[in-house]
Protein chains: 2
Amino acid sequence: MPEQTAGSSRPTLEAVAARAGVSRATVSRVVNGGAGVRQALVDKVREAVEELGYVPNHAARSLVTRRHGAVAVIIAEPEFRIFSDPFFEQQVRGISRELTAHDAQLVLLWVEGPGDHGRIARYLDGGHVDGALAFSLHSDDRLPALIARSSVPTVFGGRPAVGSGPAVPYVDCDNRGGARQAVRHLVDLGRRRIAHLAGPRDQTSALDRIAGYHDVLVDADPELLCQGDFTRESGARAMAELLDRRPDVDAVFASNDLMAAGALRTLRERGIRVPEDIAVVGFDDMDSVVRDTEPALTTVRQDIEGMGRLMVRLLMRVLDGAADAASASVITSTSLVRRASA
Amino acid sequence: MPEQTAGSSRPTLEAVAARAGVSRATVSRVVNGGAGVRQALVDKVREAVEELGYVPNHAARSLVTRRHGAVAVIIAEPEFRIFSDPFFEQQVRGISRELTAHDAQLVLLWVEGPGDHGRIARYLDGGHVDGALAFSLHSDDRLPALIARSSVPTVFGGRPAVGSGPAVPYVDCDNRGGARQAVRHLVDLGRRRIAHLAGPRDQTSALDRIAGYHDVLVDADPELLCQGDFTRESGARAMAELLDRRPDVDAVFASNDLMAAGALRTLRERGIRVPEDIAVVGFDDMDSVVRDTEPALTTVRQDIEGMGRLMVRLLMRVLDGAADAASASVITSTSLVRRASA
DNA sequence: TACGACTCTGGGAGCGCTCTCAGAAGGAGC
DNA sequence: GCTCCTTCTGAGAGCGCTCCCAGAGTCGTA
């Protein structure tokens with residue numbers, strides 16, 4: 001960072017105190033809520049603050065309070081999926097809103113590459129932020145462990161893989177229960193050869209959804225389980241492979257909406273009717289995906305923005321000491337949204 | 001923000017100095033680069049830093065240096081388009097990368113609503129960041145003026161509307177030149193009734209593209225100019241209206257890819273062939289949009305991530321005093337990417 | 001009227017760091 | 001061997017704020 005251009009030096013507490021004819025301590029009290037100060041003085045100080053355009057110096061304040069009023073959001077996804085998977089957009093929006101409500105700032109930390117974890121750890125340990133929010137990613141990711149080892153309280157979005165480090169609080173939706181809802185719906189429609197387009201095996205959300213699929217279809221034919229990676233392309237490809245292998249399939253539960261959209265593309269290309277020939281259910285209820293599918297996608301809805309907000313609330317409780325790491329995680333419920341595709 | 005949980009108190013400069021058997025000043029010098037310190041002492045200090053796990057206290061440092069190593073990114077879009085329009089994603093990615101290279105942090109400020117500008121202004125004046133990056137939005141937006149009035153050097157992404165406040169440096173692509181490229185290409189293809197699906201009139205990028213369109217088609221029939229708002233839906237709608245009004249149209253230049261994608265949808269629904277009956281050109285070369293259109297979209301490419309990086313570089317130069325507000329703006333060039341749609 | 005019990009206010013220390021400035025150490029030149 | 005210059009180092013002040021603690025002021029009660 002370059003030098004700061006010499007900004008006009010702003011008024012200090014001292015100046016306000018002089019103007020109002022009181023001491024620094026009194027001004028400080030007023031600025032921080034005014035408890036225990038006579039109303040007349042409060043007014044006088046407020047006036048002086050107004051006239052001088054006083055704004056507290058944040059660095060000085062946090063030097064003594066050891067609080068920063070800022071929370072880091074750590075994004076460790078490989079670049080291509082970051083925001084294009086609208087998941088993050090919504091989650092970050094919820095986080096941003098809730099942080100604003102708590103009068104805290106959002107500092108975005110973006111992992112630039114595999115060698116970049118050190119920078120993140122250093123930043124967290126540097127005492128810039130009061131807490132951190134991170135997204136649980138791949139089970140082989142070093143990040144959760146690194147973060148947990150840092151001195152900064154952290155809440156995860158998505159359940160971290162078991163064994164990826166010490167217990168950390170997280171917010172996640174009921175992936176397994178949601179998957180059960182989806183598959184039961186297909187069963188209720190009378191479908192009998194229900195396939196699952198699974199998400200990547202190193203993410204707990206994908207694994208939980210597979211587990212939910214098996215909860216309902218205990219004896220599911222392994223041939224009906226196809227591997228994808230949460231991208232639209234992988235959904236299209238997995239669907240194609242599935243059709244080649246098992247042309248008799250009559251329903252598909254995709255692990256997310258993007259893969260479901262890919263599957264729909266393949267089905268359309270092959271002239272297979274949805275839902276008449278094959279019913280399709282997604283997961284997420286991603287507005288920007290669901291809006292454009294043909295036919296409209298039946299899917300499992302999770303409240304992603306709400307989860308973002310919950311992450312912040314949970315973090316605040318941890319910072320307050322009102323919640324502790326191991327026991328405080330939050331699981332949100334899902335609901336099936338019925339549209340045309342199933 | 002709640003109280004910070006009592007973190008284990010971290011070692012200070014003092015502690016490192018004691019450990020290494022030198023003074024605080026010497027440790028400070030070493031930590032900040034080690035210039036003018038004998039190698040033997042440098043090694044000794046480095047060792048002590050390592051052993052104690054010393055990390056400088058940021059608040060204390062910026063209290064005296066008046067630098068923060070942080071830059072605010074201000075996002076003032078109405079929520080729905082924020083990241084879903086991948087424009088922001090790419091721009092923010094470029095910004096993030098370049099800030100990392102400059103060892104600066106990204107603080108994300110998100111305008112939550114019309115009444116929220118005060119909070120942003122207060123934050124900027126609060127001296128948390130060295131500079132700010134903002135996106136030029138609607139000409140009636142109060143934000144640019146507010147930001148310009150704050151004490152924080154700011155660079156805009158996109159040319160701010162004239163009269164929206166004092167001159168500020170900005171980074172933008174050559175919207176007008178890009179539009180000319182697009183329209184000339186259509187002319188070169190032999191198209192004669194070339195329509196323009198324009199973006200919102202309160203954004204300079206849309207206006208500049210309209211101007212570029214008119215540069216080439218000086219006598220363009222006003223009926224061929226349709227209004228949209230940069231969304232996919234508006235593109236679909238505008239295309240439909242255009243077809244109703246002027247069924248003889250043989251080419252369309254859309255002000256962005258999203259609108260072009262909407263137009264393609266309408267054309268497909270009506271059974272009109274692209275490019276045989278109507279050629280379509282977009283603007284942006286948004287990967288996530290372009291990837292899925294049918295047929296593949298010919299468009300004007302702008303290097304959005306690069307523009308993000310340039311914004312940071314420009315800001316750094318302003319902070320260095322090497323560039324001043326009025327004269328330093330950067331205009332990047334565009335190029336036509338030929339695919340199937342025109 | 002006097003005294004104790006509160007309520008307010010201000011002085012002062014100190015958070016951890018940087019940076020100036022003076023003095024110590026080391027080397028060169030005579 | 002002594003002086004002068006250069007290179008390093010450390011003492012100390014101070015950034016702007018909070019918060020502890022002591023003292024001043026106010027009020028009610030005996």
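Quick note on labels: first sequence line is chain A, next is B, and so on, each numbered from 1. Owing to the predicted nature of the structure, the values given are computational and were not obtained by experimental measurement. Keep in mind that the numbers below use all heavy atoms, side chains included, and drop hydrogens, waters and symmetry copies.
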Given atom [atom1] of [X] and atom [atom2] of [N], what is their separation to the nearest angstrom?
X: A/H58; N: C/dC15; atom1: NE2; atom2: C1'; answer: 15 Å
X: B/R61; N: C/dC15; atom1: CZ; atom2: C1'; answer: 16 Å
X: A/N57; N: C/dC15; atom1: CG; atom2: P; answer: 18 Å
X: B/L13; N: C/dC15; atom1: CG; atom2: C1'; answer: 13 Å
X: B/E14; N: C/dT18; atom1: CD; atom2: P; answer: 13 Å

Inset, instruction - Side-chain contact test, heavy atoms from C-beta onward, threshold under 4.5 Å: evaluate it for A/M311 versus A/V71 and give yes or no. - result: no
Inset, instruction - State, with a plain yes or no, whether a side-chain heavy atom of B/L133 is found less than 4.5 Å away from one of B/F156. - result: no
Inset, instruction - Apply side chain to side chain donor-acceptor pair (under 3.5 Å) to A/S150 and A/D125, showing your working. - result: CA-CA 6 Å; A/S150 85; A/D125 282 327; 4.5 Å; no
Nearest listed nucleotide, side chain of [X], among [options]:
X: A/L63; options: C/dG12, D/dG10, C/dC15; value: C/dC15
X: B/R24; options: D/dC19, D/dC17, C/dT18; value: C/dT18
X: A/R66; options: D/dT18, C/dT18, C/dC15; value: C/dC15
X: B/A25; options: D/dG16, D/dC19, C/dC19; value: C/dC19

Inset, instruction - Anything under 30° is parallel, anything over 60° is perpendicular, the rest tilted; go ahead and classify A/H58 against B/H128. - result: tilted
Inset, instruction - Report the C-alpha separation of B/R309 and B/E305 in whole Å, then their side-chain angles, then the decisive distance to 0.1 Å, and conclude whether the salt bridge (charged side-chain N to carboxylate O under 4.0 Å, His left out) test is met. - result: CA-CA 6 Å; B/R309 306 185 85 117; B/E305 181 175 333; 3.7 Å; yes
Counting only side-chain N and O atoms of [X], is one of them less than 4.0 Å from OP1 or OP2 of [N]?
X: A/S23; N: C/dG10; result: yes
X: B/N32; N: C/dT18; result: yes
X: B/S28; N: C/dT18; result: yes
X: B/T26; N: D/dT9; result: no

Legend entry - Pair B/E47 + B/R19: basic N to acidic O under 4.0 Å: no
Legend entry - Proximity to DNA chain C (any heavy atom under 4.0 Å), residues of residues 37-47 of chain A only: A/V37, A/R38, A/L41
Inset, instruction - Look at atom CD of A/E50 and say whether more than 12 heavy atoms of other residues, nucleotides or ligands are closer to it than 6.0 Å. - result: no
Inset, instruction - Return the 5'-most residue of the pair B/R29, B/V64 with respect to DNA chain D, ranking by each residue's nearest nucleotide. - result: B/R29
